[in-house]
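Written out below as C-alpha cells is the structure these notes cover.
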2 protein chains.
Amino acid sequence: MTTRTRRRADAERSIARIVSAARELLGRDPAATIDKIAAAAGVGRMTLYGHFPKRADLVEAALADTLADGERTLSAVDLTGDPRDALDRLLASSWGLMAESSSLLAAAQEVLSPGRVRELHGAPAARLEELIRRGQSEGVFRTDLPIGWLVAAVHYLLKGAAEEERTGRLDVDGLPRLVTASVRSLLTPPA
Amino acid sequence: MTTRTRRRADAERSIARIVSAARELLGRDPAATIDKIAAAAGVGRMTLYGHFPKRADLVEAALADTLADGERTLSAVDLTGDPRDALDRLLASSWGLMAESSSLLAAAQEVLSPGRVRELHGAPAARLEELIRRGQSEGVFRTDLPIGWLVAAVHYLLKGAAEEERTGRLDVDGLPRLVTASVRSLLTPPA
DNA sequence: GCTAACTCGTATATTCCCGTACGAGCTAAA
DNA sequence: TTTAGCTCGTACGGGAATATACGAGTTAGC
C-alpha cells in the first residue's frame with residue numbers, strides 16, 4: 001500500500017533529485033525558494049509542484065529524508081563499552097549530519113507544526129540522552145546538572161562547530177577533535 | 001560635527017523609541033517588519049522612514065545601540081582576581097544581553113555585510129578572549145585547545161541557553177547557573 | 001508668532017515569492 | 001503502439017513587504 005497508483009521510474013528519479021537538492025539548499029539557507037531548488041535539481045518548477053504541491057510538503061520530505069539518513073548512520077554506531085568512547089563515536093558520526101540538519105531544521109520550524117518537528121527530530125536526542133544516562137549510572141558522567149540541559153548543551157556545541165566550519169571563521173584543522181574534547185569536559189564530573 | 005543640521009527634541013525622542021522597539025521586536029523575531037516596529041514604537045510608518053530610509057539602516061542602528069549598551073554593562077564588570085570567578089561575573093552580565101542580541105544578530109547577518117557585523121560585534125569576544133588568556137597564563141584554564149575555539153564554544157553555549165529560555169523548552173530554574181558550571185568545566189584543564 | 005522641522009496618512013510602484021491554470025509535448029510501460 | 005503518466009513552459013492572480021511620492025497638519029525653537 002506504499003503507492004496507490006504505481007509511479008513511473010522517471011518520476012521516482014525526479015523526486016529523488018528534488019529532495020536531494022532541497023536538502024542541499026535548505027541546509028545552507030532556510031529561506032531557499034522553490035525556484036532555486038527546482039533549478040538546482042535540474043527540473044522545471046512545475047515538475048516540482050507536481051510532486052510537492054505546497055512548500056511545506058517539500059520541506060517535510062527533505063527533513064524526513066535527512067533524518068532517515070541520520071537514523072541509519074547513527075543506529076550503526078556501536079554504543080557499547082565505555083560511555084566516553086561511545087560518545088566519541090556518536091559525535092564523530094553526528095558531525096556530518098549536524099552540518100546539514102541545523103539549517104534545515106530552522107526551515108522546518110518555520111513551516112511545520114512544532115509537534116511534527118519534534119516527532120521527526122526526537123530520535124537523535126533520545127539516543128544521546130540514553131547514552132548519557134548510562135554514563136551517569138556508571139559514574140563517568142556528571143549528575144549535578146539536569147540531563148535535559150546536558151543534551152541541549154551538547155547539541156549547541158555541535159551546532160556551533162558546524163556553523164564555524166560552514167562559515168570558515170575558524171581556521172582549524174581538527175574541528176571534530178575539538179568537539180569531542182569539549183563535550184567530554186562538559187560531561188566529566190567536576191573535581 | 002555629530003549633527004549636520006540640528007535635530008529637534010521630538011525627533012530625538014522618536015528615534016529613541018523606534019530603536020528601542022526595533023531592539024525589542026528584532027530580538028524576538030529577526031524578520032519583524034517595518035510596519036510592526038513602527039506600530040510598537042507608537043509612530044507612523046512614514047516617520048520611521050524619515051529617520052531610517054532603508055531597513056538595513058534600522059537594523060544596524062538597533063544592533064549598534066544594543067552593543068553599545070552591552071559594552072557599557074560589560075566594561076563595568078570586575079575582571080580582576082581569580083579568572084574563574086571573573087568569568088562567572090562576566091557570564092552573569094552577558095546573560096541578559098545574549099538573550100536579546102542573538103536574534104538581533106541573526107537579523108543583522110541577513111542584511112548587513114559580514115565585515116560590518118564583525119566590526120560591531122568584535123568587542124565582547126575580545127574581552128572574553130583576554131580573560132581566558134589570563135586564566136591560561138595563570139594555569140587555571142586549559143591550553144590544549146585553540147583559544148578561538150574556546151571563545152566560540154562559550155559563545156554557542158550562551159546562545160543556546162538563551163534560546164532554550166526563549167522557547168521555554170527547558171523548564172529549568174537557574175539557567176545562568178548551568179551555563180557558568182558548564183563553561184567552567186569546558187575551560188578547566190583536563191585531568 | 002514665524003519658520004523650519006517633524007509627523008503621519010493615503011496612495012502607489014516594485015519586488016519577490018507562492019500557488020494555480022492551461023496546455024503542448026515527451027516517455028515509460030503494458 | 002497505444003495510453004497513462006510525466007515534464008515543463010507561459011501566464012496569471014494573490015499576498016506580503018519594501019520603498020517612494022505627495023501633501024496636509026502639527027510642533028519645537030528662535
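Keep in mind that this is a model prediction, so the values were computed, not measured. Chain letters run A, B, ... following the sequence lines, proteins first and then strands; every chain starts at 1.
- A salt bridge does not link A:Lys54 to A:Glu60: none of the charged nitrogens lies less than 4.0 Å from a carboxylate oxygen.
- Between the side chain of A:Arg8 and the base of D:dG5, a donor-acceptor pair under 3.5 Å is found.
- Each of B:Ala31 and B:Ala9 lies near DNA chain D, and the nucleotide nearest B:Ala31 is the one positioned closer to the 5' end.
- Residue-to-nucleotide proximity on DNA chain D shows that, of A:Ala11 and B:Ala32, the 5′-proximal contact is made by A:Ala11.
- Between the P atom of D:dA17 and the CG atom of B:Leu26 lies a distance of 14 Å, rounded to the nearest Å.
- Salt bridge A:Glu163/A:Lys159: absent, no basic N to carboxylate O contact under 4.0 Å.
- A sub-4.0 Å separation between OP1 or OP2 of C:dT20 and a side-chain N or O of A:Lys54 is present.
- Between C:dC6 and B:His51, no contact under 4.0 Å exists linking OP1 or OP2 to a side-chain N or O.
- D:dG29 atom C1' lies 14 Å from atom CD of B:Glu12, rounded to whole Å.
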(request) Take B:Glu119 and B:Arg116 through the test salt bridge (charged side-chain N to carboxylate O under 4.0 Å, His left out) and record every step on the way to the result. (result) CA-CA 5 Å; B:Glu119 183 187 338; B:Arg116 189 85 189 93; 3.3 Å; yes

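- Residue A:Leu48 contributes atom CG, which lies 12 Å from atom C1' of C:dC18 at whole-angstrom precision.
- A:Ile37 has its CD1 atom 12 Å from the C1' atom of C:dC17, to the nearest Å.
- Distance from the side chain of B:Asp10 is smallest to D:dA28 among C:dC18, D:dC6, D:dA28.
- Taking side-chain N and O atoms only, A:Ser14 has no distance below 4.0 Å to OP1 or OP2 of D:dC6.
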(message) For B:Arg177 and B:Asp88: C-alpha separation, side-chain torsions, deciding distance, then whether salt bridge (charged side-chain N to carboxylate O under 4.0 Å, His left out) applies.
(response) CA-CA 9 Å; B:Arg177 189 184 65 84; B:Asp88 282 357; over 6 Å; no

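- Of the candidates A:Arg134, A:Glu129, A:Gln136, A:Gln136 is the only one forming a side chain to side chain contact (heavy atoms under 4.5 Å, CB included) with A:Ile132.
- Whole-Å rounding puts the B:Met46 CE to C:dA11 P distance at 14 Å.
- In this structure, A:Thr47 reaches the D:dC8 phosphate: one of its side-chain N or O atoms is under 4.0 Å from OP1 or OP2.
- Atom OH in A:Tyr49 sits about 17 Å away from atom P in D:dT10, given to the nearest Å.
- The distance from atom CZ of B:Phe52 to atom P of D:dT18 is 15 Å, rounded to the nearest whole Å.
- If you measure from atom CG of A:Leu58 to atom C1' of C:dG19, you get 14 Å, rounded to the nearest angstrom.
- If A:Arg45 and B:Ile15 are placed on DNA chain C by their nearest nucleotide, the residue sitting closer to the 5' end is B:Ile15.
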